[in-house]
Amino acid sequence: MVPLRTFTFTLTTSRFHSSATVSFPHTPLILLDLLQLCIHLRAYKLTQQSHTQILANGFAQNTFLTTRLVSAYATCGESTMSRLVFDSIETKNVYLWNSLINGYVKNHDFRQSLALFREMGLTLLPDDYTLATISKVSGELEDMVSGRLIHGKSIRIGFVSDVVVANSVISMYCRCGEFGDAMKVFDEMPQRNVGSFNVIISGCAALGNCSSTSRDDLWNFFARMRSEGFKADAFTVASLLPVCCGETRKWDYGRELHCYLVKNGLDFKMGSDVHVGSSLIDMYSRGKKVVLGRRVFDQMKNRNVYVWTAMINGYVQNGAPEDALVLLHEMQMKDEIRPNKVSLVSVLPACGLLAGLTGGKQIHGFSIRMELNDDSSLCNALIDMYSKCGGLVYARRIFNGGSYLKDAITWSTMISAYGLHGRGEEAVDTYYKMLQQGFKPDMITWVGVLSACSKSGLVDEGISIYRSVMTKYEMKPTVEICACVADMLGRSGQLNQALEFIEEMPIDPGPSVWGSLLTASVMHGNSRTRDLAYKRLLELEPENPSNYISLSNTYASYRRWDVVSEVRTMMKERGLRKVPGCSWITISGKTHSFSVADKAHPSSSLIYEMLDDLVSTMADGCADMDILT
DNA sequence: ATAGGGTTAG
């Protein structure tokens, strides 16, 4: 007879604490179930209590219990405890070894699990479970040498015919970039399951070479899978969706996969698969069909943080920052889901786009409370947001703060921030400091520093940096970089040099380059370069209304109404309409927007009065600073 | 009774 004992356990999750008292006999079988519960709940305290009960009841050497105990501790992120339990066992069997090796895998300590695998080999022969686990480890480490050794061992011991071992080996080859070897193992498998096909599909999709032929290969493989009688599951579809680009691109199987899901009852709507749902949302967002993404989102029964973040990101990427901010609020209010690091990084550009300093500050505060401020990408996003919301001081404060590791993007962001605020010298200074610290600049860094030079009239500094792109870094500059140089020369009044540069630049000048020349020509009153720029712009972008409006306005200023009406007729013929640009400011939660020559605002006359004041103050200031000559 | 592979958002 086993006596009934009371057992109090405490469950601790991130949201609440609760405890309960239950009575049950401490048989090994019950303790085994209890440990299963620990794993399911990732409950550390309960694991500790179970451990105590195992010891108290004299089961310390019961390998059934200790194997699961090792697994439970590892699941709770306590691999040190797993190791202690493991070490206390006198006779270690394969199960126990496997449990510990996999425990380290769960905690991403791949080196340790590989070391253990070697140590195990001294006394025991690995089995199919060991090989499947350790093959995954080689893949995670992208360690081909150990990967091939493990593949060889699997062949020698005969476990390569095990489906799971073979799948793991295939995955390992994919992760190591040896797709040919992966395919070879796949073809030689005596039997396959859905997982085998999924490994190949996800491995092929992860190759990232998005050439249309490799995508067609992928689609053909998906067809082969079905023709061999295997039904695609959620894994399959979730691997295929990220390589579908939506309707605007050439490779458009996204909607087809969506149909497949509906037809085959792989129902993302019922909450069975949040992963498939978020991949669908993402696929539609990338295809500029954010409304369709939203429809998927609305149909889903369960939404986790991935789903919400995918939707938020979709809105930000498709020019709907307001919707993104609404969702950030709703995810917390409706679903009680806490945004994580990626959610915040996704939503911060929305604040930048809206120049919403208040919202940005709130998100910053939230990220501090969530202790996410040690993350580079989050800090980069914050710097960018502050800079775009006019808060250069805040941006600099984060940049100078030492709570996170600065990467090349951090530096580039800060350089652009200085440029945006007209601080050319600080931008150049920061650029050279970045190089000094050994960070590699890229095209984005150069656009940032060169546009900063251009705005601040630092022509010599800019030209020298531009030259270094080609000489020191041996890189071919992008159109954007060339546009910066053209802008730099043009703004400083060197229009002939700018034109000369454009004619000799290493790539074909695009609209941005001619646009720079145009703006500078108008600024300095050079009609020759101006008209050449207009000519090129209308050739390159006959459908862009901005070019016609600009042309019309220029000739209107010379009272050449004949040209103006001619241009307006051309626009009408081509069915072009320009949406007027506008700017806005939010004061006490109310947004006031203004377009050119706008007199609609109730305080319009007061605003214009203030504007006149500002303009004359600026003119005085410029005269003092010798800028206007 | 104990241990395993294939998938997510910037």
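Lettering follows sequence order; numbering is per chain, from 1.
Residue A:F86 contributes atom CZ, which lies 15 Å from atom P of B:dA3 at whole-angstrom precision. Distance A:K153 NZ to B:dG4 P: 21 Å, rounded to the nearest Å. To the nearest angstrom, C1' of B:dA3 lies 13 Å from CZ of A:F159. Per the geometry, CH2 belonging to A:W308 stands 15 Å off C1' belonging to B:dA9, to the nearest Å. For the pair A:N304 CG and B:dT7 P, the interatomic distance rounds to 17 Å; values are reported in whole Å. Across the protein-nucleic acid pair, A:E140 atom CD and B:dG6 atom P stand 7 Å apart, rounded to whole Å. The distance from atom CE of A:M283 to atom P of B:dA9 is 15 Å, rounded to the nearest whole Å. One atom, CD1 of A:I281, and another, P of B:dT7, lie 20 Å apart when rounded to the nearest Å.
With A:N107 contributing its side chain and A:D109 its backbone, the two residues share no donor-acceptor pair below 3.5 Å.
At the heavy-atom level, A:D384 lies nowhere under 4.0 Å from the strands shown. When heavy atoms are screened at a 4.0 angstrom cut-off, A:S71 is found touching no nucleic acid atom at all. Among the protein residues, A:S239 comes within range of the sugar-phosphate backbone only, with heavy atoms under 4.0 Å from sugar or phosphate atoms but none that close to a base. At the heavy-atom level, A:V199 lies under 4.0 Å from the strands shown only through sugar-phosphate atoms.
A donor-acceptor contact under 3.5 Å is formed by the side chain of A:D162 with the base of B:dG4.
At B:dA3, none of the side-chain N or O atoms of A:N102 fall inside 4.0 Å of OP1 or OP2 (strictly under the cut-off). In this structure, A:R68 reaches the B:dA3 phosphate: one of its side-chain N or O atoms is under 4.0 Å from OP1 or OP2. Within the 4.0 Å cut-off from OP1 or OP2 of B:dG6, at least one side-chain nitrogen or oxygen of A:K136 is found. Here A:T63 does not reach the OP1 or OP2 of B:dT2: none of its side-chain N or O atoms lies under 4.0 Å away.
The distance from the CD atom of A:E330 to the CZ atom of A:R303 is 9.0 Å, given to the nearest 0.5 Å.
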Residue pair A:S367, A:N373: steps toward the side-chain hydrogen bond (donor to acceptor under 3.5 Å, both in side chains) verdict: CA-CA 6 Å; A:S367 73; A:N373 275 49; 2.8 Å; yes
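For DNA chain B, no neighbouring residue in residues 108-122 of chain A is found when judged by any heavy atom under 4.0 Å. For the contact set between residues 169-195 of chain A and DNA chain B, defined by any heavy atom under 4.0 Å, the members are A:S171, A:N193, A:V194, A:G195.
Across B:dG4, B:dG6, B:dT2, the shortest atom-to-atom separation from the side chain of A:F64 is found for B:dT2. With B:dT8, B:dA1, B:dA9 as the choices, the nucleotide that has an atom nearest any side-chain atom of A:H275 turns out to be B:dT8. Which of B:dG4, B:dA9, B:dT8 sits closest to the side chain of A:D128 comes down to B:dG4. Here the nucleotide nearest the side chain of A:D127, chosen from B:dA1, B:dA3, B:dA9, is B:dA3. Closest to the side chain of A:N62, out of B:dG4, B:dG6, B:dA1, is B:dA1.
You can call A:Y306 stacked on the base of B:dT8; the centres are under 5.5 Å apart and the planes sit within 30°. You can call A:F235 stacked on the base of B:dG6; the centres are under 5.5 Å apart and the planes sit within 30°.
Proximity of A:I157 to A:K153: side-chain heavy atoms (C-beta onward) are separated by under 4.5 Å at one or more points. Contact of the A:I150 side chain with the A:M172 side chain is not registered, since no non-hydrogen atoms from C-beta on lie closer than 4.5 Å.
Within 6.0 Å of CZ in A:R226 there are more than 12 heavy atoms belonging to other residues, nucleotides or ligands. Environment of NZ in A:K231: crowded, with over 12 heavy atoms of neighbouring residues, nucleotides or ligands closer than 6.0 Å. Residue-environment remark: CD1 (A:I409) stays at or below the threshold of 12 foreign heavy atoms within 6.0 Å. Residue A:E188 places its CD atom among more than 12 non-hydrogen atoms of other residues, nucleotides or ligands, all under 6.0 Å distant.
The heavy-atom pair separating A:S82 from A:Y73 by the smallest distance is OG-CB, 3.4 Å.
For the pair A:D181 and A:R148, the salt-bridge criterion is met [side-chain N within less than 4.0 Å of a carboxylate O].
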